[in-house]
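This is a predicted model, so every value here is computed, not measured. Computed from heavy atoms alone, side chains included, the values below leave out hydrogens, waters and symmetry copies.
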Amino acid sequence: MTIAPAHHDGERGQTAWSDAQLLYALEEVVEKELNRHLAIAKEWMPHEYVPWSDGRNFDGVMGGEPWAPEQSKVSDIGRIALIVNLLTEDNLPSYHHEIATLFGRDGAWGTWVHRWTAEEGRHGIVMRDYLLTSRAVDPVQLERFRMAHMSEGFESDNNHSMLHSVAYVAFQELATRISHRNTGLHSGDPVCDRMLARIATDENLHMLFYRNLLAAAFELAPDQTMSAVRDVVVNFRMPGHSMPGFERSAARMAIGGIYNLRIHHDDVIQPVLRFLKVLEIGGLGPEGLKAQEELGLFMGGLDDQARKFDERLAAREARKAARQG
């Protein structure tokens with residue numbers, strides 16, 4: 001089912017769509033992608049990924065043993081990344097509010113919004129249960145961070161536009177998958193690695209949903225979608241950017257190989273752009289062409305920044321090896 005665009009812009013020779021019209025026009029695509037997702041998504045139980053037999057009481061009202069760093073089985077970088085990743089998941093109520101407001105609660109859109117929220121809820125559940133049961137992180141610090149982060153709430157940089165929001169989550173879900181997967185690989189704990197691999201599988205399915213939806217948006221409104229992708233890529237920030245100490249933690253995660261400019265360029269932005277052939281799309285009006293050109297220039301600059309980061313990291317590792325030698 002299709003509907004006529006809001007109006008025709010004679011100067012650009014392109015049609016312009018309102019958010020409401022795009023939501024309606026993309027409803028069939030959402031239903032198709034929802035059915036595909038439900039057919040391939042596998043049910044899993046958070047409690048099965050938690051080492052409950054390792055658990056014991058903490059100090060406080062239960063009179064147990066206080067937490068100490070040496071109790072943690074995960075690496076230092078693993079602890080930092082796990083806290084960042086869990087605090088990001090904790091703001092799910094705000095994320096739900098954002099997408100439910102933009103996408104609505106009716107029809108296929110609404111079904112997806114609630115299904116996505118339910119699946120994301122499992123991630124926070126299993127991560128917190130694992131962290132507390134295995135004593136991977138300081139539980140007092142974790143709760144204080146959670147309270148501070150959630151008390152601030154979350155407001156997306158892209159809540160002004162449905163297309164910007166779809167473009168953002170297409171990249172952000174992949175970024176989250178990569179962050180979880182790399183955290184598991186660098187955690188030093190096979191139990192943690194297995195848990196985060198399971199979460200990463202979900203995040204990849206979420207990315208596929210939004211990426212395919214973005215492809216359909218390019219078919220309907222190429223100029224508007226190109227401009228949205230340009231804006232999102234140029235101004236991309238992870239949803240946890242407002243949490244306490246995020247910049248310092250992000251720097252540690254960058255050095256530790258969890259998430260950095262090289263990973264962002266090679267494993268997040270480029271794969272989505274390449275799959276959608278964003279820089280090869282033709283038939284654009286002046287605004288779309290301008291956005292496409294600016295996006296290409298930005299990606300070249302991002303690659304240069306990533307190369308400089310790689311060089312600094314290699315020099316840092318060389319100095320470290322020399323000191324140890």
Side-chain angles (χ1 to χ4, degrees), residues 46-47 49-52 54-62 64-69 71-100 116-157 159 169 172-173 175-184 186-187 189 191-192 195-196 198-200 202-203 206 237-253 256 258-259:
H47 68 271
Y49 289 81
V50 179
W52 299 105
D54 291 350
R56 57 191 186 277
N57 292 343
F58 287 100
D59 56 335
V61 296
M62 299 298 292
E65 182 183 1
W67 183 83
Q71 297 168 1
S72 177
K73 296 179 181 179
V74 301
S75 61
D76 289 343
I77 188 61
R79 285 203 297 274
I80 292 169
L82 282 163
I83 291 172
V84 169
N85 291 352
L86 177 54
L87 290 179
T88 300
E89 300 284 357
D90 277 336
N91 251 342
L92 182 59
S94 287
Y95 307 149
H96 174 83
H97 173 76
E98 291 271 344
I99 66 170
W116 175 87
T117 302
E119 291 185 2
E120 290 289 343
R122 280 198 295 222
H123 302 168
I125 290 169
V126 71
M127 288 179 69
R128 177 165 280 100
D129 285 348
Y130 164 80
L131 292 180
L132 296 180
T133 302
S134 67
R135 293 183 173 241
V137 302
D138 182 346
V140 175
Q141 182 189 57
L142 181 65
E143 178 60 12
R144 286 172 177 166
F145 280 165
R146 187 191 71 85
M147 286 295 296
H149 185 41
M150 291 192 70
S151 295
E152 288 294 318
F154 172 81
E155 184 174 359
S156 171
D157 297 329
N159 61 7
V169 288
Q172 182 267 320
E173 292 283 3
T176 303
R177 169 202 157 194
I178 296 295
S179 181
H180 282 313
R181 195 68 195 94
N182 286 343
T183 298
H186 288 81
S187 69
D189 181 8
V191 176
C192 179
M195 172 194 66
L196 291 177
R198 176 58 260 187
I199 292 174
D202 278 3
E203 303 291 9
H206 297 165
R237 296 194 295 177
M238 291 294 275
H241 63 82
S242 62
M243 71 178 58
F246 177 77
E247 290 187 4
R248 182 176 181 182
S249 295
R252 295 282 301 277
M253 290 167 67
I258 305 293
Y259 199 93

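In terms of modelled atom types and a separation under 3.5 Å, the side chain of Glu120 and the main chain of Glu203 share no donor-acceptor contact. Between the side chain of Tyr95 and the backbone N or O of Thr88 there is at least one donor-acceptor pair closer than 3.5 Å.
For the pair Pro46 and Ile125, the tightest heavy-atom approach, listed with the atom from each and the gap, is CB-CG2, 4.1 Å. Across every non-hydrogen atom of Arg79 and Ala136, the tightest pair is CD-O, 2.8 Å. When every heavy atom of Asn85 is checked against every heavy atom of Ser179, the shortest pair comes out as OD1-OG, 3.2 Å.
Side-chain atoms of Asn182 and Ile178, non-hydrogen and from C-beta on, do get closer than 4.5 Å to each other. In this structure the side chain of Asp189 reaches within 4.5 angstrom of the side chain of Tyr130, judged on heavy atoms. The shortest distance between side-chain heavy atoms of Ile80 and Met253 falls below 4.5 Å. Side-chain contact between Val169 and His206: absent, with no pair of heavy atoms (C-beta onward) separated by less than 4.5 Å. Val140 is listed as a side-chain neighbour of Arg144, based on a closest heavy-atom distance under 4.5 Å. Between Trp67 and Pro69 there is a side-chain heavy-atom pair separated by less than 4.5 Å. Counting heavy atoms from C-beta outward, Phe58 and Pro66 have side chains that stay 4.5 Å or more apart. Within the 4.5 Å cutoff, the side chain of Asp129 has heavy atoms near those of the Trp52 side chain.
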Verdict with supporting geometry, Asp54 and Lys73, salt bridge (Lys or Arg N to Asp or Glu O under 4.0 Å): CA-CA 11 Å; Asp54 291 350; Lys73 296 179 181 179; 3.1 Å; yes
Step-by-step side-chain contact (heavy atoms from CB on, under 4.5 Å) determination, Tyr49 to Arg198: CA-CA 9 Å; Tyr49 289 81; Arg198 176 58 260 187; 3.4 Å; yes
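In terms of the side-chain hydrogen bond (donor to acceptor under 3.5 Å, both in side chains) criterion, residue partners of Asn91 (sequence neighbours excluded) are, by chain and number, His149. Residues meeting the side-chain hydrogen bond (donor to acceptor under 3.5 Å, both in side chains) test with Asp157, sequence neighbours left out: Arg237.
Atom CE of Met150 sits about 8.5 Å away from atom CG of Leu92, to the nearest 0.5 Å. Rounding to the nearest 0.5 Å gives a distance of 5.5 Å between OH of Tyr259 and CE of Met238. Atoms CD1 and OG1, from Ile258 and Thr183 in turn, are 4.0 Å apart once rounded to the nearest 0.5 Å. Atom NE2 in His97 sits 8.0 Å away from atom OG in Ser94 (nearest 0.5 Å). Atom OG in Ser249 sits 8.5 Å away from atom CD1 in Ile77 (nearest 0.5 Å).
More than 12 non-hydrogen atoms from other residues, nucleotides or ligands lie less than 6.0 angstrom from NE2 of His96. By the neighbour-count criterion of 12 heavy atoms within 6.0 Å, atom CD of Glu152 is sparsely surrounded, having that number or fewer from other residues, nucleotides or ligands.
Between Leu86 and the options Val84, Leu82, Asp90, Ile83, a side-chain contact (heavy atoms from CB on, under 4.5 Å) holds for only Asp90. With Glu89 as the fixed residue, the side-chain contact (heavy atoms from CB on, under 4.5 Å) test singles out one of Arg128, Arg122, His123: His123. Remark: of the listed residues Leu132, Ile199, Val50, Ile199 is the sole one forming a side-chain contact (heavy atoms from CB on, under 4.5 Å) with Met127.
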